[in-house]
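Contents: one structure, followed by commentary.
Residues take their numbers from the sequence shown, with the count starting at 1.
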Amino acid sequence: MSNATLTISSKNYSSWSLRGWLLCRMAGLDFDEESVATDDAEARQELLLLSPSVRSVPRLTHGNVTVWDTLAIAEYMAEIAPKAGLLPADQAARAHCRAVSGEMHSGFYNLRSALPMNLKARHASFKIFSGARPDVERIKTIWTECLEKYGGPYLFGPKPTVADAMYAPVCTRFRTYAVPLEPALSAYCETIFHWTLMQEWTQGALIEPDEIVELEVEF
């Protein structure tokens, strides 16, 4: 049994659980998964209010350390596994990575509300309400700037970083809701979908029996 435990909720719906899980796996941490039932009050709050800071999930317990905020998990992983490359080696790129990751962590509420993560769903077309469109365009701008500056295929170069863990759920949202993307951005999403860790998470999501009616979009 590992001395680390990551508490998560639904693999199909919980974008914050996905981020925390990716960060721990990227760091090479050996951990046990502990799932919180989706009828747990705080787990549902995390899913339905789309909050990044509900203490239940994701929550990492590692020895005598407990960390429950996604960015705090990212920084902790970068501290204990510096060779994993969760943050770029270059100082300016590292600052840029932290900035775009923080923007995802604290912003884009309209996007998260309008396009909740649902890995099992796939819509041929979907009308995005006007309030979420600026969020979509801002994310496209972030991705374009990073891919052009650092050369891809990930946001900060040839290997995934904290930023890719933070934006991976957005790639799934764009696929679920058929958000039109420029070729370079579509290629970035395909890179994320073919990432071994994302494929592993997705396989787990697809076999989940639970459904949360409030997060099933009707149109």
Side-chain angles (χ1 to χ4, degrees), residues 2-36 43 46-47 50-89 93-108 112 117 119 139 142-143 146 150 153-173 188-189 191-205:
S2 170
N3 73 332
T5 300
L6 183 70
T7 303
I8 60 174
S9 60
S10 168
K11 287 191 173 182
N12 188 51
Y13 298 109
S14 177
S15 60
W16 295 107
S17 292
L18 169 56
R19 292 179 177 106
W21 186 89
L22 285 173
L23 291 163
C24 292
R25 289 294 304 274
M26 290 163 67
L29 182 68
D30 180 22
F31 63 91
D32 297 318
E33 286 183 28
E34 180 180 84
S35 296
V36 176
E46 183 264 340
L47 291 167
L50 312 167
S51 168
S53 57
V54 173
R55 196 172 184 211
S56 277
V57 286
R59 183 181 71 249
L60 174 67
T61 303
H62 183 213
N64 64 349
V65 174
T66 300
V67 195
W68 60 88
D69 179 86
T70 310
L71 277 187
I73 291 173
E75 291 293 342
Y76 181 65
M77 289 296 100
E79 285 181 5
I80 68 171
K83 293 183 179 179
L86 270 70
L87 293 169
R94 192 161 62 248
H96 189 185
C97 181
R98 284 188 167 112
V100 298
S101 298
E103 190 169 349
M104 182 71 250
H105 182 266
S106 62
F108 305 117
R112 290 199 287 265
M117 190 172 93
L119 296 182
I139 289 170
I142 290 171
W143 289 1
C146 288
Y150 303 106
Y154 294 95
L155 292 179
F156 285 84
K159 295 182 179 180
T161 64
V162 169
D164 298 290
M166 294 300 292
Y167 284 91
V170 178
C171 294
T172 74
R173 288 177 161 106
Y188 170 66
C189 287
T191 296
I192 294 297
F193 299 145
H194 286 90
W195 186 9
T196 302
L197 295 182
M198 276 296 294
Q199 291 184 338
E200 182 180 341
W201 177 274
T202 301
Q203 288 172 0

*Output, in order, the C-alpha distance, side-chain angles, deciding distance and verdict of side-chain contact (heavy atoms from CB on, under 4.5 Å) for His105 and Arg19.*
CA-CA 10 Å; His105 182 266; Arg19 292 179 177 106; over 6 Å; no
*Check the pair Val170 / Trp143 against side-chain contact (heavy atoms from CB on, under 4.5 Å), numbers first and verdict last.*
CA-CA 11 Å; Val170 178; Trp143 289 1; 3.9 Å; yes
_Worked verdict on Met26 versus Asp164 for side-chain contact (heavy atoms from CB on, under 4.5 Å)_ = CA-CA 11 Å; Met26 290 163 67; Asp164 298 290; 5.7 Å; no
*Test side-chain contact (heavy atoms from CB on, under 4.5 Å) applied to His96 and Cys146, step by step*: CA-CA 9 Å; His96 189 185; Cys146 288; 3.9 Å; yes
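Considering CG of Asp30 and SG of Cys24, their distance stands at 11.0 Å, rounded to 0.5 Å. Expressed to the nearest 0.5 Å, how far CE of Met77 lies from CG of Leu23 amounts to 8.0 Å. To the nearest 0.5 Å, the span separating CD1 on Ile73 from CG on Leu6 amounts to 6.0 Å. Distance check: Ile192 CD1 to Tyr154 OH gives 6.0 Å after rounding to the nearest 0.5 Å. Rounding to the nearest 0.5 Å places CD of Glu79 at 11.5 Å from CG of Leu86. Distance check: Cys171 SG to Trp195 CH2 gives 9.5 Å after rounding to the nearest 0.5 Å.
Using modelled atom types, one finds no donor on one side chain facing an acceptor on the other under 3.5 Å when comparing Tyr76 with Asp69.
Nearest heavy atoms, Glu33 versus Trp21: OE2-NE1, 2.8 Å. Residue Thr5 comes nearest to Glu34 through the heavy atom pair CG2-CB, 3.8 Å, listed as atom of the first residue, atom of the second, then distance. The shortest heavy-atom contact between Met198 and Ala168 is SD-CB, 4.0 Å. Scanning both residues, Gly102 and Leu71, for their nearest heavy atoms gives CA-CD1, 3.9 Å. Between His62 and Ala4, the shortest heavy-atom distance links the atoms CD2-CB, 3.8 Å. Across Arg112 and Arg173, no two heavy atoms sit closer than the pair CG-NH2, 3.8 Å.
The side chain to side chain contact (heavy atoms under 4.5 Å, CB included) search around Ala163 returns Cys97, Val100, Ser101, Leu155, Phe156, Thr161, not counting sequence neighbours.
A donor-acceptor contact shorter than 3.5 Å is absent between the side chain of Trp16 and the backbone of Val57. Side chain of Asn12 to backbone of Leu119: a donor-acceptor contact under 3.5 angstrom is found.
Within the 4.5 Å cutoff, the side chain of Met117 has heavy atoms near those of the Leu18 side chain.
Each of Ile8, Thr172, Thr196 was checked for a side chain to side chain contact (heavy atoms under 4.5 Å, CB included) with Trp201, and the lone residue meeting it is Ile8.
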